[in-house]
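The block underneath contains the structure these notes are about, expressed in structure tokens.
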Amino acid sequence: MLRPTSLRLLVPSVLFASVSVSLGACGSEPQIDGGSDAGDKADAGGGTADLDVGTDNDLGDADADTGNDTGPDVGGGNNGPVCEQASSEAELQPIFLAFAFDVSGSMGQKDKPRWWHDKTKKWDPVVASTSAFFEDADSSGVSASMVFFPAGASLCSASSYAAPEVTMRELPSTSFRTALDGYIEDDAWRGNTPTRYALEGARTYIEGVKTGNGSLEAKYAVVLVTDGEPAGCTNNTVSDARTVAQQLLTAGFPVYVIGILNPTDKPAASDPLPTEWGAGAPWDHWGCNQDGTSNANGDYPCNPPNALNGLNDIASFGGTNAAVLIDTNDTEQAKKDFKTAIDSIRSAQLSCNVGIPPNPQGGSFDKDRINVSVSVDGTKTDFAYDPECTDLGSWHYDDAADPQEIILCDTTCADVQSTPGAQLNVDFLCQDRPDVVN
């Protein structure tokens, strides 16, 4: 058994993995369609046909091997011969993410004397990174929605957040950038941070999405993007928010928290006051004493508060261990860190459960004659069938007696998730796997 030692631990470039299905039907001829796309090639040497993963889009063609194709040769491996091959497409479970996005004044209003409410260091890099994720072609396979909080009216009501500004849609999409840009153009900075109510509204919405999807097997999660702990409104403490996060987790919706840190690079006392503050006493001063204590006539910038202590609690109760904190002192680094955070969420939600594809040529399914492998850059590695998942590269069925899904074991799943271009292969073998004891 070959272990997937060649897999690279990088952020995945795809969320939907095409699962190639190899059919073992000894003595039969490969089925090649009569189309004229450039990926179809006749078998010049009578060898095993290999899957077409070149530039054409026809995933249903079995390519014979002329030596000129760019796809991996996925013939028989260590777990048994594959006598001929055709391809089918199966999808890893799609992902649905409901974003709750903080638009309170602390994200960029730069109101007196809070110089750290800096749009260029908080709102701008976060919006740029968020929009880039929503528009990235690699986000294919993910759907997302976005609700702003606090709401313009009735901000302390969960119902205000049950209808997002951007409804659930497949990515990539430019709708999110349009909504975010439109919001800031309206200069609609709002007060308070009703986290508890935003999470409750997100739950109402994501539950509706799941219900609307019916029997679709999918992954769902809520993503909270905020620069502070809950503030304003009654029953809106950290404890209240984490209770809602726990309820979401229990209902099957883990809660991820991306915390936007306040910039800590304080202005110098001699720096000019922010133009947003305008003129006139007492705000012709920075607003604090040298020791950081508040004084409207003080000539020193105030210290930003640490408003993020409770976000780890919310994430923990939401089943995601801890908040991902983004340092905004370096704007470019903040963009990179935010993208990394989103990619990690995407990777964590990528399921490694794959429905057993139908036999492409109508043959019967034999659970003892299925092999699972991965192809990376043309190199195929077999995984072992291991119901106990003790092997480092292994898989098992959801139900050994009546299998409906193939499930990669945790370590195998993590490797596949983090490998750009990894392609799962499901082989229909001509004989029982070596692990089968008759």
Side-chain angles (χ1 to χ4, degrees), residues 10-18 55 57 91-103 107-108 119-149 161 163-188 198 202 205-206 209 213 218-227 254-260 324-328 330-351 417-422:
L10 299 173
V11 174
S13 62
V14 293
L15 290 179
F16 279 67
S18 293
T55 57
N57 296 321
E91 294 176 345
L92 297 175
Q93 292 179 0
I95 301 168
F96 295 86
L97 301 177
F99 280 76
F101 201 95
D102 188 347
V103 296
M107 288 289 286
K119 176 178 175 290
T120 62
K121 290 188 175 182
K122 295 174 78 173
W123 178 264
D124 289 348
V126 171
V127 167
S129 301
T130 307
S131 299
F133 163 73
F134 290 136
E135 296 168 11
D136 190 344
D138 287 345
S139 294
S140 175
V142 177
S143 294
S145 65
M146 179 180 286
V147 64
F148 294 157
F149 74 101
Y161 309 102
E165 275 75 10
V166 182
T167 56
M168 192 66 70
R169 63 198 58 213
E170 293 182 3
L171 302 183
S173 170
T174 60
S175 299
F176 300 89
R177 183 183 296 273
T178 299
L180 290 162
D181 288 348
Y183 176 83
I184 195 58
E185 287 173 2
D186 292 340
D187 195 23
Y205 182 71
I206 197 73
V209 170
N213 284 337
K219 305 283 280 186
Y220 301 85
V222 171
V223 183
L224 175 67
V225 182
T226 182
D227 71 334
V255 177
Y256 293 89
V257 179
I258 298 178
I260 312 303
V324 179
L325 302 182
I326 307 299
D327 186 350
T328 58
D330 183 331
T331 300
E332 291 305 312
Q333 187 60 44
K335 292 179 182 178
K336 295 177 183 177
D337 290 345
F338 191 90
K339 183 180 186 302
T340 298
I342 293 293
D343 282 338
S344 68
I345 292 170
R346 179 172 60 180
S347 178
Q349 287 301 298
L350 178 59
S351 171
Q417 286 175 339
S418 59
T419 303

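- Val324 meets the side-chain contact (heavy atoms from CB on, under 4.5 Å) test with Ile326, Ala341; sequence neighbours excluded.
- Here the CD1-NZ distance, from Ile95 to Lys219, works out to 8.5 Å after rounding to the nearest 0.5 Å.
- Judged as a side chain to side chain donor-acceptor pair (under 3.5 Å), and not counting sequence neighbours, Ser145 has no contacts.
- The NZ atom of Lys121 lies 10.0 Å from the CG atom of Asp327; values are rounded to the nearest 0.5 Å.
- In terms of heavy atoms, Glu135 sits closest to Thr174 at OE2-CA, 3.9 Å.
- With sequence neighbours left out, Ala128 forms a side-chain contact (heavy atoms from CB on, under 4.5 Å) with Lys335.
- Closest of all the heavy-atom pairs between Val126 and Thr130 is O-OG1, 2.6 Å.
- Atom OG1 in Thr226 sits 7.5 Å away from atom CE in Met107 (nearest 0.5 Å).
- The main-chain N or O of Ser143 is never found under 3.5 Å from a side-chain atom of Glu170 such that the two would form a donor-acceptor pair.
- Side-chain contact between Asp136 and Leu171 is absent, with no heavy-atom pair separated by less than 4.5 Å.
- Shown here for Met168 and Leu97, the closest heavy-atom pair between the two residues is CE-O, 3.8 Å.
- Residues passing the side chain to side chain donor-acceptor pair (under 3.5 Å) test with Ser175, sequence neighbours excluded: Arg169, Ser173.
- Partners of Phe134 according to the ring-ring contact (aromatic ring centres under 6.0 Å, His included) rule, which considers only residues two or more places apart in sequence or in another chain, are Phe99, Phe176.
- By the side chain to side chain donor-acceptor pair (under 3.5 Å) test, Lys122 pairs with Asp227, Asn262, sequence neighbours left out.
- Across all their heavy atoms, Phe101 and Trp123 have their closest contact at CE2-CZ3, 3.7 Å.
- Legend: residues meeting ring-ring contact (aromatic ring centres under 6.0 Å, His included) with Phe149, ordered by chain and number and at least two apart, are absent.
- The main-chain N or O of Thr178 is never found under 3.5 Å from a side-chain atom of Tyr183 such that the two would form a donor-acceptor pair.
- With sequence neighbours left out, the side-chain contact (heavy atoms from CB on, under 4.5 Å) criterion links Asn213 to Phe96, Val209, Leu216, Tyr220.
- With sequence neighbours excluded, no residue forms a salt bridge (charged side-chain N to carboxylate O under 4.0 Å, His left out) with Asp337.
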